[in-house]
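Data first, discussion second: the structure below is written as structure tokens.
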Amino acid sequence: MPEDLSATVSTAYDAALQVIASVEPRVAEATRQELVDQRGSLKLIASENYASPAVLLTMGSWFSDKYAEGTVGHRFYAGCQNVDTVEALAAEHARELFGAEYAYAQPHSGIDANLVAFWSILAHRVESPSLEKHAVKSVNDLAEADWERLRRELGDQRMLGMSLDAGGHLTHGFRPNISGKMFHQRSYGTDPETGLLDYDRVREAAREFRPLILVAGYSAYPRRVDFAKMREIADEVGATLMVDMAHFAGLVAGKVFTGDENPVPHAHVVTTTTHKSLRGPRGGLVLATQEYASAVDRGCPMVLGGPLSHVMAAKAVALAEARQQGFRDYAGQVAANAQSLAEGFLRRGATLVTGGTDNHLVLLDVTSFGVTGRQAETALLDAGIVTNRNSVPADPHGAWYTSGIRFGTPALTTRGFGHAEFDRVAELVVDVLSGTTPRTTAAGVPSKATYDLADGVVERTRAASAELLEKHPLYPGLELA
Ligand code: DSN
């Protein structure tokens, strides 16, 4: 936050909390407490960040009151001229920032963005030849019998994505998610020895399975991906390459991932959230080549209802921020800090999936500490370190208890943490996990959930964290009355 604005921001939030308290004081209090809690903990959740006051303030406006289904200049409601302005700005900033041919700023979340992408790809790939055959221009002109056939064709489509335990996302074809129900699904994993993506295996799976959509992208894979290779594989089998860059969009925006590591020039469709490493408001975004643009543009009403205009406005602000040099410096530091964290763990004898990182996240295998991911997550939380448990490849404890903890550097980098601080974080984490012992269940076996903490570890960690956090305040200058 620019220093000269901090007093203004403090006044804005004080006033806002006062107004909220006049209606429901408990909400005002919870809002105030959330700031206290976020300021006082080491936030290491890889998918979280701290958006700027400009982004946060943009969301609290009367744009929230406006319906704007449709697209810019083509709405189903009157009076959308200002929504048009902010949506067009968000799309323009996104196109410029990522060098994309087309950007769609309406998705409410990452899942929505992926659903828009799936349906657009289906519409584009299935509809076009069918419509041609039936000599009609739009699905609206299809006879009911043709619709039936189209539905059958849709029902036979295939998706190949990264498996959840290898670091993929549940929307990439995981069975309990709608993506796993919409498509015949198969997943590719990582090399069992190295934990790294094996492109030959992906190619083999693609040749055998012949997917309509090849999905690349991850939420817990600590390495960069060669998207040129993924495109080559997609082209070989006639698939559409869709990349979900929700986790690493900030590293793409900040030009840390360039060339073959930048998905935008290689994928047909790219989706992202805007609130993770990109540091914007909570929401989604779709980028596409011109070829897919008109299909993606039908996201509303195909998938979405009324766009969240206040969030689209905040996306425009966040994307404008991400186009500044300061954001590039930030993104570079996010990746450098992940290296520092990984090295800090390795130096202290911990085991990392893939042996390290070259993006913004680190996946610690906690098996060597004798605990499950669930025990580790809760023990760390007791000590004021906020993380989330995560499966490791072929996890013996499954997706609920897990054997891993995922760490990310975007949030604490926003607070100004650097190499020394992340090395200290690694030390604190190892100290807590070394002091965590599973309890024994009534059946005489180690519990997967309960544990005991060594005396003094919580107090020691909290004191050390407080020292780090005080040196790097969250929203410096923001003082609430
Ligand atoms: N929940 C997000 C994450 O933590 O990676 C993805 O949806």
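As the structure lists them, so they are numbered: ligands from 1, and atoms in each ligand from 1.
Those atoms of ligand 1 that come under 4.0 Å of a heavy atom in H169, given as number and element, are 6 (C), 7 (O). Taking every heavy atom of S219 and a limit of under 4.0 angstrom, the matching atoms of ligand 1 come to 5 (O). Distances below 4.0 Å separate heavy atoms of R406 from the following atoms of ligand 1: 3 (C), 4 (O), 5 (O).
The protein non-hydrogen atom at the shortest distance from atom 2 (C) of ligand 1 is K276 CE, 3.8 Å. The protein non-hydrogen atom at the shortest distance from atom 1 (N) of ligand 1 is S47 OG, 4.5 Å.
A distance of 6.0 Å or more separates the ring centres of F227 and F257.
Taking the side chain as every heavy atom from C-beta outward, D431 and V457 approach each other to under 4.5 Å. At least one side-chain heavy atom of L428 sits less than 4.5 Å from a side-chain heavy atom of S465. Counting heavy atoms from C-beta outward, R223 and Y218 have side chains that stay 4.5 Å or more apart. Counting only heavy atoms from C-beta outward, the side chains of V286 and P107 approach each other to under 4.5 Å.
In this structure, E48 does not count as a contact residue of ligand 1, since none of its heavy atoms falls inside 4.0 Å of the ligand.
Within the 4.0 Å cut-off (strictly below), a protein heavy atom is located near atom 5 (O) of ligand 1.
Polar contact with ligand 1: present for H247 (N/O pair, distance under 3.5 Å).
Cation-pi check for R298 over W119 is not met; the charged atom does not lie both under 6.0 angstrom from the ring centroid and within 45 degrees of its normal.
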